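Take a look at the structure below.
Values in this document were obtained by computation on a predicted structure and should not be read as measured data.
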Amino acid sequence: MSDTYSQPTPAEHTITRFAPSPTGHLHVGGARTALFCWAFARGHEGTFLLRVEDTDQKRSSEAAVAGILEDLKWLGVEWQEGPAYEGLGGDPRGVGPFFQAERVDIYNAALAELLESGRAYPAFETAEELDAKRKAATDANQTYRYDRAALEIPEAERISRMMAGEPHVVRFKAPDHDVVVADSVLGEVRFAAGELDDFVIRKADGFPTYHFAVVVDDEAMGVSHILRGQEHLQNTPRHVALQQALGYRTPVYAHLPLIFNPDNSKMSKRDKDKAVRAYCKEQKVDAAPEGTLDDAGFKAWMEDKRAQLPTDDLMRLATAIGFAPPEIDVEDFRRSGYLPHVLCNYLALLGWNPGEKNEDGTDVEHFSMGYLVEKFGLDRIGKSASKFDREKLMAFNANEIQNRMSDERFADAWRTWLERYDRATLEALGDKLPMAAAAARQRTRVMREAAGVVAFALRDDFGYDDKAVQKVLLKNDGEGLAVLRELGPVLEGVEPFEADAIEAAIKNWCEAKGLGMGKAAQPLRVAMTGGTVSPGLGQTLELIGKQASLDRVGRCLSQFAGVGGG
RNA sequence: GGCCCCAUCGUCUAGUGGUUUAGGACACCGCCCUUUCACGGCGGCGACCCGGGUUCGAAUCCCGGUGGGGUCACCA
């Protein structure tokens with residue numbers, strides 16, 4: 001065996017890896033896999049490494065790599081080994097590089113062994129020829145397996161044609177015995193001999209296929225535990241067969257249950273395009289709004305049910321038409337204003353459960369990253385797929401913001417979020433941000449809702465809600481307006497103009513008049529915001545400011561005086 | 001269709017043969033708190049896919065059925 005990929009690490013050391021292919025942002029399913037790999041390694045004082053599977057030249061992009069690294073870092077899923085990124089990554093054991101496209105020599109060395117031992121062989125069919133064979137088999141209602149036609153060619157000729165540079169792939173000769181996959185979640189899964197066909201391990205372009213690269217790399221990098229989605233289960237016998245042929249050890253496998261949409265469809269990036277497209281149809285949007293797409297592009301996208309827009313274009317379009325597509329990628333949840341450790345918390349519960357109770361008998365459901373690291377284990381991973389429930393995630397996030405965060409911590413988190421996603425509001429708020437945060441916190445479930453809660457403070461030129469005006473100001477001969485008239489001077493006398501003092505002053509006035517607080521609060525709300533809903537009265541007025549509050553009372557009075565009496 | 005996986009309230013799940021009138025969370029519905037909204041408190045609704053075994057006893061073990069899902073590329 002060549003030293004190139006000999007085992008550099010003692011087998012007892014726990015090493016997990018996350019190996020995304022850089023074809024887009026990190027998907028929540030991938031995020032959960034990464035999270036589990038990370039937690040498992042951490043909990044076993046092991047190493048979590050990141051490897052980029054970019055052997056598909058056509059679909060990989062550097063932007064996608066950067067996006068995935070950023071998403072992981074934001075989540076708090078930190079890799080000790082792998083691509084360097086803001087202090088993460090590195091290669092202390094010298095097992096890199098961590099981009100498969102840079103490891104072709106390593107794969108070829110392993111491949112040479114298989115070729116030599118006769119476990120792999122070149123095949124010369126074109127993709128078109130294979131498609132035709134496949135189609136013929138399907139049409140005849142039969143399962144297609146590669147027919148080993150290339151093995152009909154005498155070996156010497158095969159080799160010489162390969163050496164002469166004739167286009168070819170290399171196939172692995174599948175074993176003639178059953179392959180058993182020992183999975184720590186599912187148990188032993190047996191695949192009968194003959195189920196595997198001679199799959200391709202090196203493509204015509206010289207790059208290894210996924211199956212081959214994964215097996216070689218996991219061995220070379222000393223990966224001890226492979227946690228991945230259950231959609232990979234049928235790949236595993238191929239990998240095990242390859243390991244056996246190469247004399248590698250087989251790592252521990254744990255196949256994670258799948259995550260679905262509430263309607264049982266697979267969660268996919270396409271869902272976003274689908275939702276936006278449906279909204280466009282529903283709202284009869286027949287041309288792309290200014291500054292989003294050109295007409296031809298928009299039309300083509302609308303007509304092709306499976307078309308996907310680049311993320312940025314899609315989001316710009318969605319924003320322009322006032323629609324929020326469902327969150328699918330980690331970046332989507334970040335943009336909506338979920339907290340990273342809450343997302344991790346929720347994700348961890350999809351397919352895993354600590355199985356512990358709180359003292360009051362409820363299940364332990366809200367936990368920190370540290371708790372996850374401490375408790376996570378393969379033995380409590382579930383077997384059945386789960387549906388992604390945004391309502392519950394939202395409730396988790398709301399719980400964190402409303403019941404666990406302080407006003408100060410929320411203000412910090414909000415500021416960070418605004419810096420990235422809503423600079424206009426950040427600037428409009430200015431140094432009132434902490435006050436606004438305090439007012440908005442208990443009414444905010446995800447960060448993007450917060451600005452709406454305090455929107456009244458940002459603009460003076462709001463309109464009044466008719467129903468509110470009728471009910472609160474004009475009813476009973478302008479009772480509400482009369483209250484407002486008297487409240488003006490009361491507010492004027494409040495100094496300093498702070499929430500508690502404001503509330504106290506209004507309360508005093510009510511008591512003196514023998515009125516319930518509601519009789520004063522609601523007219524003031526309408527005057528301050530145009531409607532009947534706002535944060536606490538004191539907070540609302542303080543946020544608006546003394547002069548502006550008085551102005552709003554005046555404006556309201558002059559607008560409705562004489563409309564309905566009073 | 002072949003192969004493979006799975007199956008507890010609408011959803012996420014606890015439950016590993018008796019401690020279970022199956023526990024919790026989200027959602028939903030009431031009531032309470034209350035200056036609106038929200039928060040919070042209390043209560044309610046609501047599940048072991050079906051059929052056979054095994055056993056004194058089965059949500060838990062076995063078999064079959066049904067249902068759901070995954071996968072069948074020179075993508076990963």
When the C1' atoms of B/rC4 and B/rG40 are compared, how many Å lie between them, rounded to an integer? 49 Å

Would you indicate what A/Ser534 reaches in the nucleic acid, counting non-hydrogen atoms under 4.0 angstrom: base, sugar-phosphate, or nothing? base

With a non-hydrogen cut-off below 4.0 angstrom, is A/Ala395 in contact with a base, only sugar-phosphate, or nothing? sugar-phosphate

Which value, in whole Å, describes the distance between the P atoms of nucleotides B/rG23 and B/rG15? 15 Å

So, A/Asp197 and A/Arg148, do they make that salt bridge, N to O below 4.0 Å? no

Give me the distance, rounded to whole Å, that separates B/rU20 from B/rU8 when you measure between the C1' atoms they each carry. 13 Å

Heavy atoms under 4.0 Å, any strand shown: does A/Asn403 hit a base, just sugar-phosphate, or nothing? sugar-phosphate

Strictly below 4.0 Å, N to O, side chains only: are A/Glu365 and A/Lys392 in salt-bridge contact? yes

With nearest nucleotide decided by heavy atoms, which residue, A/Tyr144 or A/Gly516, maps closer to the 5′ end of RNA chain B? A/Gly516

In the strands shown, is B/rA73 matched to any nucleotide by a Watson-Crick or G-U wobble pair with both distances under 3.5 Å, and which? none

Which part of the nucleic acid, if any, lies within contact of A/Thr532, taking any heavy atom under 4.0 Å across all strands shown: a base, the sugar-phosphate backbone alone, or nothing? base

Note: chain A reaches RNA chain B at heavy-atom distances under 4.0 Å over the stretch, first to last nt, 5' to 3', of B/rG2 to B/rA76

Basic-acidic side-chain contact under 4.0 Å: A/Arg270, A/Asp273: no

Name the pairing partner of B/rU35, where a pair is Watson-Crick or G-U wobble with both distances under 3.5 Å, or state none. none

A/Glu400 vs A/Tyr338, side chain to side chain donor-acceptor pair (under 3.5 Å): CA-CA, chis, key distance, verdict: CA-CA 10 Å; A/Glu400 180 68 22; A/Tyr338 288 89; over 6 Å; no

When all nucleic acid strands are considered with a 4.0 Å heavy-atom cut-off, which category describes A/Glu356: base, sugar-phosphate, or nothing? nothing

Using the C1' atom as the reference point in each nucleotide, state the distance between B/rG46 and B/rU13 in Å, no decimals. 15 Å

Taking any heavy-atom pair under 4.0 Å as a contact, classify A/Arg202: base, sugar-phosphate, or nothing. nothing

Establish, for the pair A/Arg238 and A/Phe172, whether the NZ or CZ atom is under 6.0 angstrom from the six-membered ring centre and no further than 45 degrees off its axis. no

Remember a base hit wins even if backbone is also touched, and classify A/Glu365 as base, sugar-phosphate or nothing at under 4.0 Å, heavy atoms. base

How many angstroms lie between atom CG of A/Asn399 and atom CZ of A/Arg445, to the nearest 0.5 angstrom? 13.5 Å

What is the base-pairing partner of B/rA7, counting Watson-Crick and G-U wobble geometry with both distances under 3.5 Å? B/rU66

For A/Thr126, report the nucleic acid contact type (base, sugar-phosphate, nothing); a contact means any heavy atom under 4.0 Å. base

Between B/rC72 and B/rA59, how far is it from one C1' atom to the other, in whole Å? 35 Å

Determine the contact category for A/Val169: base if any of its heavy atoms lies under 4.0 Å from a base atom, sugar-phosphate if only primed atoms, P, OP1 or OP2 are that close, otherwise nothing. base

NA contact type, A/Arg380, heavy-atom cut-off 4.0 Å: base, sugar-phosphate, or nothing? sugar-phosphate

Heavy atoms under 4.0 Å, any strand shown: does A/Phe260 hit a base, just sugar-phosphate, or nothing? sugar-phosphate

Partner lookup for B/rA27, please. Criteria are Watson-Crick or G-U wobble with both distances under 3.5 angstrom; report none if nothing qualifies. none

Separation of the C1' atoms in B/rA7 and B/rC45, to the nearest angstrom: 24 Å

What distance, rounded to whole Å, do you find between the two P atoms, one in B/rU60 and one in B/rG1? 28 Å

Considering only the C1' atoms, how many Å lie between B/rC28 and B/rG68, rounded to the nearest integer? 25 Å

Tell me what A/Gly30 touches on the nucleic acid: a base, only sugar-phosphate, or nothing, going by heavy atoms under 4.0 Å. nothing

So what does A/Gln142 touch, heavy atoms closer than 4.0 Å: a base, only the sugar-phosphate, or nothing? nothing

A/Lys173/A/Asp198 salt bridge by N-O under 4.0 Å criterion: no

Do A/Lys513 and A/Glu511 meet the salt-bridge criterion of a basic N to acidic O distance under 4.0 Å? no

Sugar-phosphate, base or nothing in reach of A/Pro20, heavy atoms under 4.0 Å: nothing

Taking C-beta and beyond as the side chain, do A/Ile381 and A/Leu256 meet within less than 4.5 Å on heavy atoms? yes

On RNA chain B, more 5' by nearest nucleotide between A/His366 and A/His232 is A/His366

